[in-house]
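Structure record follows, encoded as structure tokens.
Lettering follows sequence order; numbering is per chain, from 1.
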Protein chains: 2
Amino acid sequence: MRIGELADRAGASPRLLRYYEEQGLLKPGRSANGYREYDEALVERVRQIRSLLDSGLSTRTIREVLPCLTSGQYHVRGATPETLAALEHEHRQLAERVECLSRSRDAVAAYLRAVHELRETPVPAGAC
Amino acid sequence: MRIGELADRAGASPRLLRYYEEQGLLKPGRSANGYREYDEALVERVRQIRSLLDSGLSTRTIREVLPCLTSGQYHVRGATPETLAALEHEHRQLAERVECLSRSRDAVAAYLRAVHELRETPVPAGAC
DNA sequence: TCGAACCCTGACATCAATGTGAAGGTCAAG
DNA sequence: CTTGACCTTCACATTGATGTCAGGGTTCGA
């Protein structure tokens, strides 16, 4: 498919898809007239990229972890020690983010629960 | 304490603390000479802000969820319906981020495990 | 009293992720 | 064959989180 269709289906703009390509996240083929040509599987991939960006990962980080995220066979043999070290590092960072965000999510949930409970319990006279 | 000390202890620059204040995340007092005056408890708060920013939340979002994150009593009574709706929304977003990041974390972990296992199993002759 | 080490405000710089627009090629339908 | 909806590249604008610098006040110890 061409860039416009992928953009529509994956919830991104054509501009962004070109940007992701520039950042090494996507490598579409080209058809005879120079148009980029994407295949079906990329719509999921683009959604995943967008999720990760939304979660605060940089394109550089995503470039590093994306190969491990495309389920199926791992290209394990090509991994240099530097890449592996980088990945160990990214893994720790991801774990930390998950921890931090989970705590925040739970705190917000607790707050909302407290509000809802109070809503059902009428305000005692003279309460602040 | 003054801005420099808080900056040191919380791992931020004075510039950033002023920025957080501008964004409504911090409201230090002022001493007679105009210097900002922060109290002890803010070092944890600033650390938390930095964590959340690192996790991809915006200062705007943090401004919304921070009141629920400061453990202790909730200022439940002051919550307007709009605030509550915003919080419900933020809660969903947080949950989504946690999901997405957890998946990525697990995928990276699985990849690393696969690499380590392969490292112990010698490459079969003729393997790619 | 002078200098170092703080603090203040305000402005401009930077980086990454995006948007937007110009100038032009391709293609299908009328 | 023209028009409209695509596509291309290139370049400049914007937003959010930061850094940095300039011009100027405060405080404290030598």
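- Separation of atoms CZ (B/R36) and OG (B/S31) is listed at 10.5 Å; rounding is to 0.5 Å.
- Between B/E90 and B/R97 no salt bridge is recorded (no basic side-chain N to carboxylate O distance below 4.0 Å).
- Checking side-chain atoms of A/H116 against main-chain N and O of A/L112 turns up a donor-acceptor pair under 3.5 Å.
- B/E37 contributes a side-chain N or O that, together with a main-chain N or O of B/M1, makes up a donor-acceptor pair within less than 3.5 Å.
- B/E88 is linked by a salt bridge (charged side-chain N to carboxylate O under 4.0 Å, His left out) to nothing, counting only residues two or more places apart in sequence or in another chain.
- Closest to the side chain of A/S13, from the set C/dA17, C/dG19, C/dT9, is C/dG19.
- In terms of modelled atom types and a separation under 3.5 Å, the side chain of A/S55 and the main chain of A/S51 share a donor-acceptor contact.
- Applying the 4.0 Å criterion to OP1 and OP2 of C/dT26, one finds that A/R36 has every side-chain N and O outside that range.
- Not one side-chain nitrogen or oxygen of A/R15 sits closer than 4.0 Å to the OP1 or OP2 atom of C/dT20.
- Rounding to whole angstrom units, CD of residue B/E37 and P of C/dC6 are separated by 16 Å.
- With the nearest nucleotide of DNA chain D identified for both B/N33 and B/R50, B/R50 has the one nearer the 5' end.
- Nucleotides of DNA chain D that come within less than 4.0 Å of any heavy atom of chain B span, from the 5' end to the 3' end, D/dG16 to D/dT27.
- The nearest heavy atom of DNA chain C to A/Y19 and to B/I3 marks one nucleotide each, and the one closer to the 5' end goes with B/I3.
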